[in-house]
Amino acid sequence: MKSTQDELCRFAKEHEALVYTVCLQLLQEPAAARRAAGQALCFAVRHRKECPPGGLRAWLCRIAVHFAKSAAPRAR
């Protein structure tokens, strides 16, 4: 069964604050956190069927951490 665009938008809206907060805590830069959160939410929407049952928040946090770390500047 295919999800409608409204369902996908609703999923993203419901979880954007959590994902953004995780990214902001790691990046400490609002613009970078917004970019990482957007990428993380797009990934989560595309792969939402892979989420373990009952583990949505933890799964989203792991995705957010991954994208935030990928966006973080490398230490020299």
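Model, not experiment: these values are computed from the prediction.
The stretch residues 45-65 participates, sequence neighbours left out, in these ring pair (Phe, Tyr, Trp, His ring centres under 6.0 Å) pairs: Phe43-His47.
Summarising the geometry of Ala68 relative to Leu26, their closest heavy-atom pair is CB-CD1, 3.8 Å, with the distance given to 0.1 Å. Of all non-hydrogen atoms in Ala64 and Ala40, the two that sit nearest each other are CA-CB, 4.1 Å.
The hydrophobic cluster containing Tyr20 does not contain Val22, counting ILVMFWY residues as joined when their side-chain heavy atoms lie under 4.5 angstrom apart, directly or transitively. Linking Ile, Leu, Val, Met, Phe, Trp and Tyr residues whenever their side-chain heavy atoms come within less than 4.5 Å leaves Leu18 and Leu24 in two separate clusters.
From Leu41, atom CG reaches atom NE2 of His15 across 9.0 Å, with rounding to the nearest 0.5 Å. Atoms CZ and SG, on Arg57 and Cys51 in that order, are 12.0 Å from each other to the nearest 0.5 Å. Of the inter-residue distances, the one linking Arg48 atom CZ with Ile63 atom CD1 reads 12.0 Å to the nearest 0.5 angstrom. In this structure, SG in Cys9 is found 10.5 Å from CD in Glu16, a value given to the nearest 0.5 Å.
Apart from Leu27 itself, the hydrophobic cluster it occupies contains nothing, where clustering links Ile, Leu, Val, Met, Phe, Trp and Tyr at side-chain heavy-atom distances under 4.5 Å.
Side chain of Gln39 to main chain of Ala36: no donor-acceptor pair is present (N/O by atom type, distance under 3.5 Å, no hydrogens or angles).
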